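Below is one structure; the comments refer to it alone.
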Amino acid sequence: MTRPPRLASLATAVPEHVIRQSEAKQFAEALFGPALASGDRRLMAVFDSTGIATRYSVMPLDWFGEPHAFGAVNDLYIDRALDLASRAVARALEGAGLEPRDVDHLLLVSSTGIATPSLDARLANRMGFRGDFKRTPVWGLGCAGGAAGLSRARDFALADPHARVVLVALELCTLTFQQGDLTRQNLVAASLFSDGAAAAVVLGAEAEAPREPARLDLLASQSTLWPDTLDVMGWNVDGSGLHVQFSRDIPTIVRQWVRPNLEAFLERESLAYEDLRHVVAHPGGPKVIAAYAEALGLPLERFRHATDVLRECGNMSAPTCLFVLERFIASGEIGAGEYGVLAALGPGFSSELVLLRGRD
């Protein structure tokens with residue numbers, strides 16, 4: 001049988017500014033507290049229930065105390081995104097023993113800024129990619145972007161067995177913070193979101209690389225878009241920028257929809273739920289992780305890598321599930337022949353699943 005596309009290398013990068021959650025809460029109380037009604041000040045407790053100890057940001061904490069025009073913020077997004085993406089891609093290519101000129105297709109996923117020419121074109125110029133490589137910028141997938149990106153990278157490698165495909169999932173969520181927005185959604189976002197980037201090297205069946213430390217087959221994928229759920233998660237856009245929108249019902253959605261969706265996917269791949277050894281889930285927050293565990297009938301310990309990424313890095317949106325996958329790979333837990341699934345939910349409301357199998 002023809003070999004499936006495979007994940008050869010995976011690397012991550014975070015920006016330089018570390019924000020401790022205690023500092024973020026103190027900052028938010030000083031910024032929002034005087035303007036909040038007495039009954040709304042209890043919302044500050046959300047900073048204590050995120051399961052986050054530290055987060056990373058492209059800007060220092062005090063920068064968020066002043067309003068910034070959307071255009072100026074977007075210029076920062078382009079500049080800092082390129083720095084972060086360059087670091088992640090360089091590490092992923094080095095892990096596979098490849099150079100930028102070896103890349104045949106670059107897929108870049110991001111939803112926290114706008115760029116034309118797109119970030120992938122700018123990144124190619126900075127890193128010295130070949131002039132004839134293919135590129136695909138993808139926008140608007142939010143937290144589902146890392147899993148969707150790996151799925152699309154697999155599709156490209158499946159269509160061209162000789163292709164070396166590089167995926168970049170990158171979000172600078174902190175730059176979407178709205179200094180004058182006193183809504184619950186903005187406060188929750190301020191307590192939860194952070195910045196980061198992940199890069200993956202995906203190889204077609206006939207493509208080679210000197211090194212393949214990740215050693216995972218990408219067997220199949222599934223995208224699901226549930227109807228009449230557009231208001232569950234996304235952005236509202238106005239003159240000041242991107243305002244986060246999400247529903248309180250996301251943990252309930254996870255409990256009700258995730259397992260039937262996953263079982264249907266596995267059945268189409270001639271697998272039973274019991275064949276699945278590893279679940280690599282996007283850690284949207286502690287309640288989301290707990291909902292995954294409840295829905296799938298698994299102990300919370302099985303989601304320790306997701307919990308650790310959330311605690312140490314916060315919710316970086318699209319790349320976060322790839323940070324979790326990086327830890328699975330480093331731990332050596334996905335043994336040869338064992339099945340796992342990469343899972344993430346995002347705007348739409350949507351689900352992205354990628355079926356993984358450990359290689360010898």
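Since this is a predicted model, take the numbers as computed values, not measurements.
At least one donor-acceptor pair closer than 3.5 Å links the side chain of Asp275 to the backbone N or O of Ala272. The backbone N or O of Cys313 sits less than 3.5 Å from a side-chain atom of Ser194, completing a donor-acceptor pair.
Every residue meeting the ring pair (Phe, Tyr, Trp, His ring centres under 6.0 Å) condition with Phe133, not counting sequence neighbours, appears here in chain and number order: Phe129. Remark: Asp79 engages Asp83 in a side-chain contact (heavy atoms from CB on, under 4.5 Å) (not counting sequence neighbours). By the ring pair (Phe, Tyr, Trp, His ring centres under 6.0 Å) test, Tyr56 pairs with no residue at all, sequence neighbours left out. The side-chain contact (heavy atoms from CB on, under 4.5 Å) search around Ala205 returns Thr2, Arg3, Pro161, not counting sequence neighbours. Qualifying side-chain contact (heavy atoms from CB on, under 4.5 Å) partners for Ala85, counting only residues two or more places apart in sequence or in other chains: Leu123, Val168, Leu170.
Among Leu172, Leu76, Thr174, the one residue that satisfies the side-chain contact (heavy atoms from CB on, under 4.5 Å) test with Met59 is Leu76.
A salt bridge does not link Glu269 to Arg357: none of the charged side-chain nitrogens sits closer than 4.0 Å to a carboxylate oxygen. A salt bridge is absent between Arg91 and Glu326; no separation between the charged side-chain nitrogens and carboxylate oxygens falls under 4.0 Å.
Residue pairs meeting the salt bridge (Lys or Arg N to Asp or Glu O under 4.0 Å) criterion with at least one partner in residues 141-169, sequence neighbours excluded, are Arg152-Asp155.
Using cut-offs of 30° and 60° for the angle between ring planes, the His105 and Phe156 rings count as parallel. Ring geometry, Phe349 versus Trp257: the interplanar angle falls from 30° to 60°, so the pair is classed tilted. Ring geometry for Phe328 against His278 counts as perpendicular: the plane angle is over 60°, on a 0 to 90° scale with 30° as the lower cut.
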- Could you check Arg6 against Glu208 for salt bridge (charged side-chain N to carboxylate O under 4.0 Å, His left out), going step by step and ending with a plain yes or no? CA-CA 10 Å; Arg6 60 203 191 273; Glu208 299 296 338; 3.7 Å; yes
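For the residue pair Thr50 / Gln21, a side-chain donor-acceptor distance below 3.5 Å is found, with atom types taken as modelled.
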